[in-house]
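For reference, the structure is listed below as structure tokens.
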Number of protein chains: 2
Amino acid sequence: MLTQPEIVERLRKWGVRVTPQRLAIAEAVLNSTDHPTVQQIHERVRDHFPSMTLATIYSTLGVLERSGLIQELPFEKMSRYEANMEPHVNLVCIQCENVMDADVGQDVVVRLKNRISSQAGFEVAWQRVDFYGWCPRCASAKRQEQTAPV
Amino acid sequence: MLTQPEIVERLRKWGVRVTPQRLAIAEAVLNSTDHPTVQQIHERVRDHFPSMTLATIYSTLGVLERSGLIQELPFEKMSRYEANMEPHVNLVCIQCENVMDADVGQDVVVRLKNRISSQAGFEVAWQRVDFYGWCPRCASAKRQEQTAPV
DNA sequence: TTTACTGCAAAGGGTTTGCATGAGG
DNA sequence: CCTCATGCAAACCCTTTGCAGTAAA
């Protein structure tokens with residue numbers, strides 16, 4: 001989670017202009033942990049910028065990605081945007097469709113990255129590690145239903 | 001890599017009809033290691049089925065995915081299709097855009113999966129592990145260029 | 001003042017859908 | 001035979017692009 005001055009500095013370093021819209025979009029993504037979609041980001045900045053269109057959001061997300069601040073995560077229907085650039089695991093619930101960062105396994109991802117670099121001769125730039133399944137809440141709901149079906 | 005009778009059996013088990021088109025598409029994906037796109041699959045079956053359209057391929061890929069034979073891998077511009085359903089690492093070259101399975105790291109992915117299940121309370125169904133960077137060929141070309149620029 | 005960004009509208013392109021014909025079981 | 005798959009075309013929708021007005025530096 002970056003502070004506003006840090007965001008400004010990172011953007012200026014890339015020679016792009018820092019506008020209020022860009023700051024709002026950057027904060028909406030960087031202060032999130034739910035890997036928002038473009039639509040969700042739009043909802044979150046609409047109060048402050050009612051006239052902002054999706055084109056501006058797409059454009060800004062491209063700037064943020066090229067600045068190394070965020071990562072695009074393409075899914076079947078649309079992309080989500082990742083604010084956590086450290087090696088980690090994403091948990092994608094196929095029931096409620098929420099996406100969250102796992103709070104375990106970061107060390108294993110780093111070890112995997114080192115193994116790929118040293119043994120596969122592949123120069124790693126970044127990675128995406130997604131586990132799909134049932135989040136704790138949906139998993140227990142599923143077990144309840146299996147025990148006592150309608 | 002599955003044999004044709006195995007593919008037939010897996011499809012019949014799902015109550016779907018086995019047509020020559022579906023077999024051709026299934027073999028084109030399952031006997032591949034390059035994670036083909038829909039366009040590439042189209043090219044590979046066009047010789048035998050000149051009139052086949054993309055709609056048929058999309059439909060069949062959906063059947064194969066729901067049968068657990070393949071996995072869709074959404075990328076920025078389009079999806080690719082994965083024939084290796086075992087836990088493993090995908091290497092995505094950001095230079096030549098090839099996607100290949102890593103021949104190391106499977107054990108680490110399995111260990112990661114176990115850790116996620118036991119410590120994050122997340123019931124894993126499947127996973128996608130992608131490392132982005134430069135494949136051995138493109139990495140050495142990059143180093144050459146850095147050493148002796150034009 | 002200069003350059004680049006915003007907002008609006010239209011286009012682009014991968015994917016899905018509807019329907020008539022044709023084939024699988 | 002009945003049901004479902006194929007092939008064709010059109011629709012869908014996320015994303016990109018072009019352009020005129022506007023704001024950052």
Side-chain angles (χ1 to χ4, degrees), chain A residues 4-5 7-26 28-29 35-43 45-67 70-81 97, chain B residues 4-5 7-29 35-43 45-67 69-81 97:
Chain A
Q4 212 174 55
I7 298 170
V8 172
E9 187 193 2
R10 293 284 286 271
L11 290 179
R12 289 242 170 83
K13 193 175 292 180
W14 262 80
V16 298
R17 289 185 183 166
V18 179
T19 66
Q21 289 93 330
R22 285 186 169 171
L23 269 181
I25 295 166
V29 181
H35 311 73
T37 65
V38 167
Q39 314 287 339
Q40 289 174 318
I41 296 167
H42 191 215
E43 292 166 10
V45 297
R46 195 154 42 189
D47 288 346
H48 289 290
F49 298 91
S51 62
M52 192 189 291
T53 61
L54 295 182
T56 297
I57 299 178
Y58 278 110
S59 161
T60 298
L61 290 172
V63 169
L64 295 175
E65 188 178 16
R66 286 188 293 277
S67 305
I70 64 172
Q71 182 183 353
E72 181 181 355
L73 301 179
F75 282 92
E76 295 78 37
K77 339 196 164 190
M78 75 196 80
S79 283
R80 289 174 169 272
Y81 291 87
E97 299 193 317
Chain B
Q4 211 173 56
I7 297 171
V8 172
E9 187 193 1
R10 293 283 287 270
L11 291 178
R12 288 242 169 84
K13 193 175 291 180
W14 264 81
V16 298
R17 290 186 183 162
V18 179
T19 66
Q21 288 92 332
R22 285 187 169 170
L23 270 182
I25 295 166
E27 287 194 303
V29 182
H35 312 72
T37 65
V38 167
Q39 314 288 338
Q40 290 174 319
I41 296 167
H42 191 214
E43 291 166 10
V45 298
R46 197 154 39 191
D47 288 345
H48 289 290
F49 298 90
S51 61
M52 192 189 292
T53 61
L54 295 182
T56 297
I57 299 178
Y58 279 111
S59 161
T60 297
L61 290 173
V63 168
L64 295 175
E65 188 177 17
R66 286 188 293 277
S67 306
L69 288 168
I70 64 171
Q71 182 183 354
E72 180 181 356
L73 301 179
F75 283 91
E76 295 79 38
K77 339 198 164 191
M78 75 196 80
S79 283
R80 288 175 169 271
Y81 292 86
E97 298 193 317

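A, B, ... follow the sequence lines: proteins, then strands. Residue 1 opens every chain.
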Quick check on the helix from C:dT1-D:dA25 to C:dG25-D:dC1: what's the angle between its two end axes, five base pairs per end, to the nearest 10°? 50°
Backbone N/O of A:Thr37 and side chain of A:Gln40: donor-acceptor pair under 3.5 Å: yes
In whole Å, I'd like the distance from the CZ atom of A:Phe75 to the P atom of D:dT15. 12 Å
How many angstroms lie between NE2 in B:His35 and OH in B:Tyr81, if you round to the nearest 0.5 Å? 13.5 Å
With rounding to the nearest 0.5 angstrom, report the CD to CD1 distance, B:Gln21 to B:Ile57. 10.5 Å
Quick one: B:Arg22 CZ to C:dA23 C1', roughly how many Å, whole number? 12 Å
Locate the shortest heavy-atom distance separating B:Ser67 from B:Trp14; write the atom from each residue and the value. CA-NE1, 3.6 Å
With a cut-off of less than 4.0 Å, is there a side-chain N or O of A:Arg12 near OP1 or OP2 of D:dA24? no
About how many Å separate CG of B:Asp47 and CE of B:Met52, when rounded to the nearest 0.5 Å? 11.5 Å
What is the nucleic acid contact for A:Thr53, judged by heavy atoms within less than 4.0 Å: base, sugar-phosphate only, or nothing? base
Here the distance between atom P of C:dT15 and atom CD of B:Gln39, to the nearest Å, is 8 Å
Let me spell it out: for each of A:Val63 and A:Glu76, pick the nucleotide of DNA chain C with the closest heavy atom. Which residue's pick is nearer the 5' end? A:Val63
Please state how far atom NE2 in B:His48 lies from atom C1' in D:dT6, giving the value in whole angstrom units. 18 Å
Against the side chain of B:Pro20, the closest entry in C:dT15, D:dA25, C:dG24 is C:dG24
Here the distance between atom P of D:dA5 and atom CD1 of B:Ile57, to the nearest Å, is 16 Å
Gap between atoms CG and P, on B:Leu54 and D:dA11 respectively (whole Å): 18 Å
Is there a side-chain polar atom (N or O) of B:Ser59 under 4.0 Å from OP1 or OP2 of C:dT16? no
Minimum-distance nucleotide (side-chain atoms of A:Thr56 versus D:dG7, C:dG7, D:dT15): C:dG7
A:Glu72 or B:Ser51, whichever maps to the more 5' nucleotide of DNA chain D: B:Ser51
Selected nucleotide, minimal atom distance to B:Met52 side chain, candidates C:dG14, D:dG7, C:dG25: D:dG7
Nearest-Å distance, CZ (A:Arg80) to C1' (D:dC14)? 14 Å
Of the nucleotides C:dT15, D:dT15, D:dA25, which has the atom closest to the A:Met78 side chain? D:dT15
Contact class for A:Pro50 vs. all strands (heavy atom < 4.0 Å): base, sugar-phosphate, or nothing? nothing
Nearest-nucleotide comparison on DNA chain D, the residue closer to the 5′ end among B:Phe49 and B:Arg17: B:Arg17
What's the closest nucleotide to the B:Ala55 side chain, out of D:dA25, C:dT17, C:dG24? C:dT17
Return the nearest nucleotide to the side chain of A:Val38; candidates are C:dG14, D:dT15, C:dT6. D:dT15
When you look at B:Leu69 and B:Val29, which way does the side-chain contact (heavy atoms from CB on, under 4.5 Å) test go after all the steps? CA-CA 10 Å; B:Leu69 288 168; B:Val29 182; over 6 Å; no
Of A:Gln21 and B:Tyr58, the one whose closest DNA chain C nucleotide lies more 5': A:Gln21
Using the side-chain heavy atoms of B:Ser79, tell me which of these nucleotides is nearest: D:dT16, C:dT15, D:dA25. C:dT15
Under 3.5 Å, is there a donor-acceptor pair between the side chain of B:Arg22 and the main chain of B:Arg17? yes
Please name all residues satisfying side chain to side chain donor-acceptor pair (under 3.5 Å) with A:Ser59, sequence neighbours left out, ordered by chain then number. none
Spacing between A:Trp14 atom CH2 and D:dA24 atom C1', to the nearest angstrom: 20 Å
